[in-house]
Protein chains: 2
Amino acid sequence: MARRKQGLSDRHKKILEVLEDYQVNVGYPPSIREIGKEADISSTSVVNYYLDQLEKEGYIERDRKVSRGMRLLRDVTGRLIESVEEAVDNMLLIPLAGRIGAGIVIQPPESGFDIFPPDEGVEVARSMLSEKDASANLYALEVEGDSMIDAMVDDGDIVIMKHTQEARNGEMVAIRLEGSDETTLKYFYRENGHVRLQPANPTMEPIIIKDPSSVHVQGKVVMVIRQMGASPI
Amino acid sequence: MARRKQGLSDRHKKILEVLEDYQVNVGYPPSIREIGKEADISSTSVVNYYLDQLEKEGYIERDRKVSRGMRLLRDVTGRLIESVEEAVDNMLLIPLAGRIGAGIVIQPPESGFDIFPPDEGVEVARSMLSEKDASANLYALEVEGDSMIDAMVDDGDIVIMKHTQEARNGEMVAIRLEGSDETTLKYFYRENGHVRLQPANPTMEPIIIKDPSSVHVQGKVVMVIRQMGASPI
DNA sequence: ATTTTACATGAACATTCGTTCTATGTCAAC
DNA sequence: GTTGACATAGAACGAATGTTCATGTAAAAT
């Protein structure tokens, strides 16, 4: 019947579908006889025959002498199969470490914290961050109050922070001034001996700090997320 | 040696690790003898013994009489294992439909668009949106210019929009006023015959529109994302 | 001290399962 | 028509694999 130089026959496709189905719904690959049953192939040797071809074409990989020893590499459509780890790796679960706002001292999480309640985090796609940031020690803070409105950050916003002690010019950082309890978000600039803290809103005046050592950088803001429902006023 | 009423023994943990390792690196579950080899257990019956316990504790699921017939349900830490489809389902790829800003009329994507360049979208976790929004027809716009600064939305921000024709009070919507080319973001309120457009920044005055029919709602903002690098001034 | 319970071992057994071989059928090219 | 590549079956073999049993050890409970 079917005689084709390229492309997959219906049986090839059917077998790939069975493989995919097992992977997703069963959790492990089918045996040769199970494939035969699903694909209406009576002989194990025929199934074996097609599996060899699929391997030669790069759709699957087989481990000889091992029961169910095969893994799917490509889709029926030819697209590469994403493994669990890759899919999960695309997602970062960033712990919600607390709140930031008037009078609140934030405490970035220290070393070796591994477990936190799953709902106490925000999920962000790796693709939304720079590669460097994505692999850094990130934590999230919920903004409380309107005190950061000049930094274009609203009450209820979530800021994704990267833990760092020093800031570079132009970065938005969380800073605490010596003698103050308050931590706020500002754009940071170090210029000829003093530090300039620039509100994001250009209509507002910058704050000049004469003594750089009184400026404590808590972290750098890498992202701001605002979830909107119904809201104010 | 170890005698514990709860928690997993080292052997339990070791076996779970082997299972996870096979799942990730091999693509199919190990046989009982393979588990024994990896976990330094000489007898197959001992492995079987522990697998039964792990099943009873809800860590794995076994299919009797089936070689490699087991699937991992929970992590060593007890966290539920995410399957590929679930992991992918947790992620939304929202098409970047264009820009919004002064003088720019946005054009939300119409029915039945399924394919767009994968890099022309923003990835957002389902968990970051309400269930209703997550399954709605979403699109993203990049904000251009400072014209929305009164809505706390900065140049370069990405707004996730939900396509809708009507707005409810308190929602931030993209609106176009009759006779204007400009589309802007404002909080929307309909009250006794007129429409009030409220800037997000409380220090700014609301705009009252006498004729509601001249207000065209383009969509509702469900999220604002600001990626920070170095930046302005 | 005795019994119970949890853990461990090795061997034997029964299937399951991958592999291989032979036989047959189809179809296009020579 | 013959040939040969491809496709399909069925059966048989041996290795891989899950299951069961008989036995043993040591800590905990009685």
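Per chain, numbering begins at 1; letters A, B, ... match sequence-line order.
- Distance check: A:I35 CD1 to A:K14 NZ gives 12.0 Å after rounding to the nearest 0.5 Å.
- Distances were taken from every side-chain heavy atom of B:I41 (C-beta onward) to each of C:dT9, D:dA9, D:dG18; the shortest belongs to C:dT9.
- Atom CD1 of B:I32 and atom C1' of C:dA11 are 15 Å apart (whole Å).
- Note on A:S31: only backbone sugar-phosphate atoms sit closer than 4.0 angstrom, heavy atoms only; bases stay farther off.
- Taking atom CD1 of residue B:I15 and atom P of nucleotide C:dC7, one finds them 12 Å apart after rounding to whole Å.
- Nearest-nucleotide assignment on DNA chain D puts the 5′-proximal partner with A:Q53, out of A:R33 and A:Q53.
- Between the C1' atom of D:dA16 and the CZ atom of A:R62 lies a distance of 15 Å, rounded to the nearest Å.
- Around CD of A:E178, the count of heavy atoms belonging to other residues, nucleotides or ligands within 6.0 Å exceeds 12.
- When rounded to the nearest whole Å, the span between NE2 of A:H12 and P of D:dC6 equals 12 Å.
- Computed from coordinates, the A:I35 CD1 to C:dT19 P distance equals 11 Å when rounded to whole Å.
- Between the base of C:dG10 and the side chain of B:S43 there is a donor-acceptor pair shorter than 3.5 Å.
- The side chain of B:S42 lies closest to C:dT9, out of C:dT9, D:dT20, D:dT17.
- A donor-acceptor pair shorter than 3.5 Å can be found between the side chains of B:S130 and B:D133.
- For the 3.5 Å distance criterion, the side chains of A:N169 and A:Y187 fail to qualify, holding no donor opposite an acceptor.
- Rounded to an integer number of Å, the gap from B:Y22 OH to D:dT17 C1' is 13 Å.
- Between the P atom of C:dC21 and the OH atom of A:Y49 lies a distance of 17 Å, rounded to the nearest Å.
- Checking C:dC17, D:dT17, D:dA11 against every side-chain atom of B:V66, the shortest atom distance belongs to C:dC17.
- Scanning atom types as modelled, no donor and acceptor separated by under 3.5 angstrom connect the side chain of B:S67 and the base of C:dT15.
- The CZ-P distance, from B:R68 to D:dG18, rounds to 7 Å in whole Å.
- Looking at B:R71 and B:E61, a side-chain N of the basic residue comes within less than 4.0 Å of a carboxylate O on the acidic one, giving a salt bridge.
- Checked by distance alone, B:S45 brings a side-chain donor or acceptor within 3.5 Å of a matching partner on the base of C:dG10.
- At a cut-off of 3.5 angstrom, counting only N and O atoms as typed in the model, there is no donor on one side facing an acceptor on the other between the side-chain of A:R64 and the base of C:dG18.
- Within the 4.0 Å cut-off from OP1 or OP2 of D:dT19, at least one side-chain nitrogen or oxygen of B:N48 is found.
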